[in-house]
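Structure first, then comments.
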Amino acid sequence: MVTLRLTNTRTRRKEDFRPIDPADVRMYVCGPTVYDRAHLGNARPVVVFDVLYRLLRHVYGPEHVTYVRNFTDVDDKINAEALRRQKAGAPGTLEALIHQRTEETIAWYHADMDALGALRPSIKGVVSEKAAPRATDFVAQMITMIDGLIDKGHAYAANGHVLFRVRSYQDYGKLSGRSVDDMIAGARVEVAPFKEDPMDFVLWKPSSGEEPGWDSPWGKGRPGWHIECSAMAHELLGESFDIHGGGLDLQFPHHENEIAQSACAHPHGDFARVWLHNEMLQVEGKKMSKSLGNFFTVRDLLDQGIPGEVIRYVFLMTHYRSPMDWTAEKRVVATTKLEDYLALGERFADLEKARQTEPAPEVIDALADDLNTHLAITELDKLLGNARWNELVATLNFLGLIPFKGFEERRAKLTRSAAELTGVTERLAALRTAAMASKDFSAVDALKSALIAAGVEVQMSKDGVELVPGPDFDPAKLEALK
RNA sequence: GGCGGGUUGGCGGAGAGGUUACGCAGCGGAUUGCAAAUCCGUGAAGAUCGGUUCGAUUCCGAUACCCGCCUCCA
C-alpha cells in the first residue's frame with residue numbers, strides 16, 4: 001500500500017501518514033460561511049482537499065474514508081444580508097430571510113464546487129447532509145461543550161457572553177507558533193472590559209431581537225465562530241481523528257481556538273493529528289480584494305465560459321503550500337492542455353478498458369508525496385508522450401480533470417460531426433487532385449477556409465485529406481457548402 | 001511592532017549536495033501546393049553577499065525585495 005507523506009503544520013514536518021483506523025480514515029475541512037457566492041479563493045481549499053480526498057479513497061477504499069466539511073450558517077454577514085433584504089421590502093420574518101439566504105447560498109456552493117470537479121463530502125463513502133453539516137443543526141452540542149468547559153474551569157460567563165480562558169490552556173499558540181505574551185505585545189487584540197484577559201475569545205454571545213438566537217444557560221444568544229467546528233468534528237468524527245484542513249488564514253486564530261476548546265473539553269482525545277493548510281490565492285500577482293477590483297467568484301468565471309476543469313487544472317499547477325497566482329496566461333495553458341488530453345484520449349484510448357484501468361502509479365506517487373499536484377500534471381504529459389492512453393484517461397478521471405463521461409460525450413459529438421461531414425472529405429480530396437493538375441488551388445482554398453471557419457481542422461498530406469471537427473465545430477456553417 | 005512563508009531560464013513550475021526536470025513560448029529542420037497537425041533538434045536559470053564542502057541552485061547565515069497572518073476575508 002502506498003504511504004502518504006503530508007506536511008503537518010502542528011509539527012512543521014513532512015510525516016508518514018498512519019491513520020488511526022485504516023477502515024475509517026477521517027478528515028475535517030473548514031467550509032464556507034454561507035452569506036454569498038464562493039469567490040475564487042474559497043475554491044482553493046476545496047480543490048486541494050478534494051485531491052487528498054480522492055487519494056485517500058484510492059488508497060484506503062471509498063467506503064473507508066470519511067470527509068466532513070461544514071457550512072457556517074450563523075454569522076453577522078448573513079444577518080446583515082437578511083436585514084438588508086427585509087429593509088428592501090422582502091416579505092417574511094428575519095429568521096425566514098436568513099434561512100432563505102443560507103439555503104440559496106448552500107445550493108450555489110454545491111453547484112459551483114461540483115463544476116470544479118470536487119466530490120461531495122461523505123461518511124464512509126456515503127454522501128449525505130451529515131457530511132456537510134450546518135452549524136445551526138449543532139447548537140445543542142455546542143452548548144453542551146461550552147457548559148463542560150465552564151465546569152472544567154476553561155471558560156467563564158461574563159456580561160451575557162461566555163469566554164474561553166486562554167491562559168488555562170498551556171499549549172495555546174503551539175499550532176501557529178505564537179506565544180500569548182508576544183501577541184499581546186503586538187497589541188492587536190480586542191479589548192473588552194468583561195474579559196479576564198485580552199486574549200480570551202468568545203464561545204457564546206448574546207443576541208439582540210434582530211439577530212438569530214437560541215436559548216442557553218447564559219440567556220438567548222448565538223455561538224462564537226470557533227466552537228462550531230469543535231462541536232461538529234467531535235460529534236461526527238470523534239475525540240481523535242486523522243486530518244484537519246483549511247486555508248492558512250484559518251491557522252490563527254480559528255484553528256488555534258478549535259484546538260484549545262477541543263483539547264480542554266476532551267482531554268483524552270487528540271482532536272486532529274495532522275493539520276494541513278493551503279496557501280492563499282492571488283490574482284495577477286496581487287491579493288484578490290474588492291478594493292483592487294480583482295475580486296470575482298467561481299460563478300463569474302463559469303459564466304464567462306471558463307470550464308470548471310480549467311480552473312481546477314490551474315489550481316493543480318501550483319503546490320498547495322505555495323501561494324497560487326490566478327492569471328489569464330495560466331488559464332490559456334490549462335485550456336490548451338485539457339483540450340489536447342480530451343482529443344487524444346478520445347481518439348486513442350479504449351474507453352471501456354480505461355474504466356478498468358488504475359490511475360498511473362507515477363501520479364499516485366507524486367500525490368502521495370505531500371500532494372505534489374504539479375508533478376502529477378507533468379506525469380500526465382509523460383503518459384501522453386509514451387502513448388499510455390488508457391492510463392492517461394483513467395488518471396484524468398481520477399484527478400477530476402476530465403471524467404470518463406467527458407470522453408464519452410466528446411466521442412458522441414464527434415460521431416455526430418462525422419455524419420455532418422459525410423461527403424465533404426471526398427469533395428475536398430477530389431478538388432485537390434484536380435488542382436494538383438491544373439495548379440489552380442482557389443477552389444480548394446475556398447472550401448478549406450469555409451471548413452476552418454466552421455471549426456473543422458483540415459489536414460492535407462500526400463496520403464490524402466482528413467477532416468477533424470474541433471471543439472467549436474458548427475455544422476450550420478457548412479449548410480452553404482451543400 | 002510580533003510571527004511565518006517565499007525569491008529558479010521569456011512565462012509557469014518541480015525534484016535532487018555532484019548526472020537533461022517538465023510544460024508553454026522561442027529558434028532551426030523534416031513534412032505540406034500553401035497551411036494545420038505531427039515529428040526531430042536546440043539556446044536559456046537558480047535575488048544579492050558570505051560560510052560549510054573536493055563540489056551548492058540544492059545545507060547554514062546575513063542583506064534586499066515580495067507575500068501572508070496577527071482585524072470572525074479560505
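This is a predicted model, so every value here is computed, not measured. Letters go in sequence order (proteins before strands), and every chain restarts at 1.
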[N] phosphate, OP1 or OP2, under 4.0 Å from [X] side-chain N/O:
X	N	value
A:K330	B:rG13	yes
A:T318	B:rG13	yes
A:R432	B:rG33	yes

On a whole-Å scale, what distance lies between the [atom1] atoms belonging to [N] and [M]?
N	M	atom1	result
B:rA74	B:rC3	P	27 Å
B:rC11	B:rG4	C1'	28 Å
B:rG28	B:rA44	C1'	15 Å
B:rC67	B:rG10	C1'	23 Å
B:rC40	B:rC65	P	46 Å
B:rG23	B:rC60	P	31 Å
B:rC73	B:rU52	C1'	44 Å
B:rG61	B:rG13	P	26 Å

When you compare the side chains of [X] and [Y], does any donor N or O come within less than 3.5 Å of an acceptor on the partner?
X	Y	result
A:Y35	A:D76	no
A:T297	A:D300	yes
A:T136	A:D73	yes
A:E420	A:S417	no

Select from A:F252 and A:D75 the residue whose nearest nucleotide in RNA chain B is closer to the 5' end of that strand.
A:F252

Nearest nucleotide by nearest heavy atom, which residue falls closer to the 5' end of RNA chain B, A:M324 or A:K448?
A:M324

For A:Y169 and A:F164, run ring pair (Phe, Tyr, Trp, His ring centres under 6.0 Å): C-alpha distance rounded to whole Å, both residues' side-chain angles, the deciding distance at 0.1 Å, then the answer.
CA-CA 9 Å; A:Y169 178 58; A:F164 185 86; 7.1 Å; no

Given pairs defined as Watson-Crick or G-U wobble with both distances under 3.5 Å, what dot-bracket annotation applies to RNA chain B, with ( ) intrastrand, [ ] crossing, | other strand and . unpaired?
(((((((..(((.....[...))).(((((.......)))))....(((((..]....))))))))))))....

Ionic contact status for A:E211 with A:K220, cut-off 4.0 Å
no

Taking the basic N atoms (NZ, or NE/NH1/NH2) and the acidic carboxylate oxygens, is any pair closer than 4.0 Å for A:E391 and A:K382?
no

Given salt bridge (Lys or Arg N to Asp or Glu O under 4.0 Å), test A:D381 with A:K337 step by step and report yes or no.
CA-CA 9 Å; A:D381 283 319; A:K337 278 285 172 197; 2.7 Å; yes

Among [options], the nucleotide that comes nearest once only the side chain of [X] is considered:
X	options	answer
A:M436	B:rG33, B:rA14, B:rC72	B:rG33
A:D445	B:rC70, B:rG33, B:rC73	B:rG33
A:Q459	B:rC34, B:rA37, B:rA21	B:rA37

Find the distance A:Q282:CD to B:rC66:C1' and express it as a whole number of Å.
9 Å

Considering only heavy atoms and no angle criterion, is a donor-acceptor pair shorter than 3.5 Å present between the side chain of A:H39 and the base of B:rA74?
yes

